Asks: 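Sharing a structure below in structure tokens format, with a few things to ask.
Just so it is clear, the structure is predicted and the values come from calculations on it, not from any experiment. In what follows, every heavy atom counts, from backbone to side chain, and hydrogens, waters and symmetry copies are set aside.
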Amino acid sequence: MMKFIKYAFSLAVIALIAIACTEDDNTDYVKDIAAPTDVSASISVTQDNTGLVTITPIAEGAVSYDVGFGDGSENQVNITPGKGASHVYKEGVYEATITAVSLNGLTTAATQSVVVSFKTPENLVVTIENDAAISKQVNLSATADFATGFEVYFGENPSEEPVPLNVDETISYQYEDAGTYTIKVVAMSAAAETTEYSEAFEVTAILQPLEAAPVPIRAQGDVISIYSDSYTNPESIDYNPNWGQTTTYTEIQVGGNNTIQYGDITYQGIDFSGAPINASAMEFIHIDVWTAEADFNALLFPITATADGTTSETPYDLELKQDQWTSFDIPLTAFTDANGSLDFSNTIQFKLEGVPSGSGTLFIDNVFFYKVPSGIDTGLVGTWKMSSAAGALGVGPAVGDITWWNCDDACVIERACYYDDTYVFSEDGTFKNVMGDATWVEAWQGVSDGCGTPIAPHDGSNPASYTYNENTNEITINGKGAFIGLAKATNEGELTDASETPNSVTYKATFSDPNTIQVSIETGTGSGTYWQFTLVREGVVSSPLTGTWQLSADAGSLGVGPSIGDVSWWNCDDACVTERACFYDDVYVFGADGSFKNEFGGSTWLEPWQGGTDGCGTPIAPFDGSIAATYMYNDGVLTIDGKGSFIGLAKANNEGELSDAANAPDSITYNVTFIDNNTLRVTVETGTGSGTFWQYKLVRI
């Protein structure tokens with residue numbers, strides 16, 4: 001029923017959107033709507049020996065339905081989402097056809113069995129099982145001769161509403177608490193009489209992890225291990241020293257991996273004082289912890305000693321999540337800042353305490369010190385995403401060549417679910433793909449091309465790390481399913497099956513500026529196929545102006561007149577453009593980090609007020625790009641901050657036209673209009689109310 005309500009509500013929203021779009025007289029979006037999916041129906045048979053059946057269609061993306069009853073009678077069409085089709089059947093088994101219709105007329109059909117029997121259900125068999133992976137969840141199915149459906153009472157609430165169960169289906173229910181509950185199943189047919197079954201069923205909680213802790217991603221050379229199958233542990237170590245504690249100790253196997261269980265933990269030691277560890281070169285402590293208890297946490301204490309045997313310790317709060325592994329990466333400074341007497345050069349023990357004491361059980365794995373691996377470029381640390389500029393994603397026969405295919409402006413809009421994905425490079429050398437609820441998925445992943453739920457292992461669920469080699473300009477991502485740009489692009493070729501996903505991928509990467517990286521990968525050595533991605537740092541000034549621009553070389557792109565759009569007083573015609581070639585090749589660089597720069601290439605157009613004659617010459621300070629500048633752009637207003645920085649003509653500013661370079665302002669504000677994504681109209685009135693507007697047409701290069 002909840003599924004039905006969800007679908008009905010979603011479709012009502014779709015209908016409202018459709019109405020709103022019609023009012024805007026813009027139906028371009030309709031062509032992109034896909035055919036409905038997940039088509040089924042809810043079947044309700046009236047228990048009065050009449051054979052009256054109500055078929056209520058359900059689907060994703062449908063605005064109406066047609067129902068064929070499967071008994072030769074006329075179809076019922078144009079059924080509104082949330083409504084049902086009622087029909088009287090004779091006794092028998094029928095295959096009804098449900099056809100879901102999308103807003104643009106695409107259809108998807110499915111069949112649904114309809115069983116009509118006037119006999120009371122017989123031979124009712126109910127199967128109830130505790131779920132193997134989800135704590136306190138039961139899975140239930142039922143069969144009965146002549147049954148058309150079932151109602152299930154799970155017994156947790158005396159006033160509960162029954163949960164409907166279709167024939168040949170299994171339903172799941174998760175209880176608040178473990179315990180014994182009376183579960184009742186009612187089998188129904190078209191007859192008035194029903195058949196019931198009840199069972200006192202013990203609902204159990206899962207009390208230990210079913211999957212091993214995440215496999216560590218650190219290299220052995222960066223680790224000092226205390227307990228982990230992935231590394232070499234100290235030979236002289238005691239995981240259960242006799243400190244008078246009542247905690248129980250057991251080592252168990254979880255998914256083939258050794259794991260420590262500390263039961264009913266009050267406090268518990270791990271002792272290696274016979275061979276103290278020098279962890280002074282390390283930077284973090286890692287530990288994985290699992291508990292079945294709610295509202296149960298732990299404290300971790302590293303214990304160090306001085307030469308005279310004086311010990312020091314300080315706790316760190318481990319906030320745990322019930323029924324799942326919680327991984328902690330704790331900076332050593334979290335301990336030393338709290339207790340300056342700690343000396344990790346002589347670490348002798350760890351201690352764990354349960355919070356509340358003695359009220360829960362801990363499972364622990366992968367306890368180790370580690371340091372950040374070499375090859376972590378601090379300039380790479382941060383969160384990055386694909387640039388949304390056309391051509392930021394593409395493929396071609398060489399680096400810098402994306403002529404085979406690239407994502408244009410329309411493609412960027414279509415793949416918005418992909419362009420908001422982020423790539424997180426952390427200071428500790430970990431890497432993570434963060435995609436939210438949707439990303440771009442492709443046919444090789446077993447789905448249709450389009451936005452959809454990320455698919456494992458390319459969903460960021462596996463731990464990963466990275467290194468950067470500045471000598472070879474290579475980023476290596478370690479971790480199955482972790483990637484930059486496209487999941488399918490690997491060093492061995494393009495994936496056709498997720499099972500072939502490598503454990504590591506290496507990319508070529510160069511910084512265009514501190515906040516822009518050009519990344520490429522040849523998909524197979526010598527293949528000559530290069531996928532290429534432009535990443536920009538998230539959180540940096542983002543502007544549609546970002547990039548390099550210059551004056552358009554067509555007549556009239558530079559001019560002056562009494563109003564915006566009017567350059568009748570004077571404008572640079574074709575001959576003028578040719579004469580001023582040294583001016584038309586000047587560029588204006590808007591950085592992703594908010595920086596701005598005039599670049600002249602050694603020569604530009606100079607005027608008499610600058611102390612020379614009209615003609616090409618060496619740029620003159622402060623109008624030579626030598627002073628650092630920034631820009632801000634908001635809703636058609638562009639402000640350039642930095643003495644001597646400008647668009648178009650150096651003399652034109654908000655106070656008037658310069659007659660002396662010494663009067664150059666520190667800031668100039670322009671009005672900007674986008675003709676298209678790659679063409680701008682920039683204007684400045686030279687003095688408020690002067691009625692003199694210098695105007696420039698810029699193109700992106």
Asks: Any side-chain to backbone donor/acceptor pair from Asn654 onto Thr669? Under 3.5 Å, distance only.
Replies: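 Between the backbone of Thr669 and the side chain of Asn654 there is a qualifying donor-acceptor contact (under 3.5 Å).
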Asks: Spell out, as yes or no, whether a donor-acceptor pair under 3.5 Å connects the side chain of Gln532 to the backbone of Asp401.
Replies: yes
Asks: Run the ring-ring contact (aromatic ring centres under 6.0 Å, His included) test against Trp569 and tell me which residues pass, sequence neighbours left out.
Replies: none
Asks: Less than 4.5 Å apart, any side-chain heavy atom of Leu638 and any of Phe590?
Replies: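 The answer is yes, as the side chains (C-beta and beyond) meet within the 4.5 Å cut-off.
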Asks: Are there over 12 heavy-atom neighbours, none belonging to Asp437, within less than 6.0 Å of that residue's CG?
Replies: no
Asks: Does a side-chain heavy-atom distance below 4.5 Å link Leu545 with Phe674?
Replies: yes
Asks: Look only at the side chain of Gln695 and the backbone of Phe693, and say whether a donor-acceptor pair between them is shorter than 3.5 Å.
Replies: yes
Asks: Are side-chain heavy atoms of Ile521 and Asn491 found at a separation under 4.5 Å?
Replies: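 Heavy-atom side-chain distance check passes, below 4.5 Å.
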Asks: Examine distances only and state if a side-chain atom of Asn462 and a backbone atom of Lys480 form a donor-acceptor pair shorter than 3.5 Å.
Replies: yes
Asks: For Lys651, what residues pass the side chain to side chain contact (heavy atoms under 4.5 Å, CB included) criterion, not counting sequence neighbours?
Replies: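 Glu607, Trp609, Leu649, Glu657, Leu658, Trp694.
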Asks: Heavy-atom distance under 4.5 Å between the side chains of His286 and Tyr370, does that happen here?
Replies: yes
Asks: A side-chain contact here means heavy atoms from C-beta on lying under 4.5 Å apart; do Tyr530 and Lys508 qualify?
Replies: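 In short, these two side chains do not touch, never coming nearer than 4.5 Å.
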Asks: Strictly by disulfide bond (SG atoms under 2.5 Å apart), give each pair with a member in residues 614-665 just once, sequence neighbours left out.
Replies: Cys582-Cys616
Asks: Taking C-beta and beyond as the side chain, do Thr467 and Phe431 meet within less than 4.5 Å on heavy atoms?
Replies: no
Asks: What is the ring orientation for Phe511 with Tyr468, classed by angle as parallel under 30°, tilted 30 to 60°, or perpendicular over 60°?
Replies: perpendicular
Asks: Would a 4.5 Å heavy-atom cut-off, applied to side chains only, mark Tyr418 and Cys407 as touching?
Replies: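 Side-chain contact under 4.5 Å: no.
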Asks: Do other residues, nucleotides or ligands put more than 12 heavy atoms under 6.0 Å from the CE atom of Met435?
Replies: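 Correct, the count exceeds 12.
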Asks: Using side-chain heavy atoms (C-beta onward) and a distance below 4.5 Å, is Asp586 in contact with Trp605?
Replies: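 A side-chain contact is absent here, since even the closest heavy-atom pair is not under 4.5 Å.
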Asks: Taking Thr490 for the side chain and Gly493 for the main chain, is one N or O donor matched with an acceptor at less than 3.5 Å?
Replies: yes
Asks: So, the side chain of Glu427 versus the backbone of Val381: is there a donor-acceptor pair under 3.5 Å, distance only?
Replies: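 Not at all, since once roles are kept as given, no pair shorter than 3.5 Å links the two residues.
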Asks: Indicate yes or no for a side-chain donor-acceptor contact from Glu522 to the backbone of Ser527 under 3.5 Å, with no hydrogens or angles considered.
Replies: yes
Asks: Is the number of heavy atoms from other residues, nucleotides or ligands within 6.0 Å of CG (Asn634) greater than 12?
Replies: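 No, the 6.0 Å shell around CG holds no more than 12 heavy atoms from other groups.
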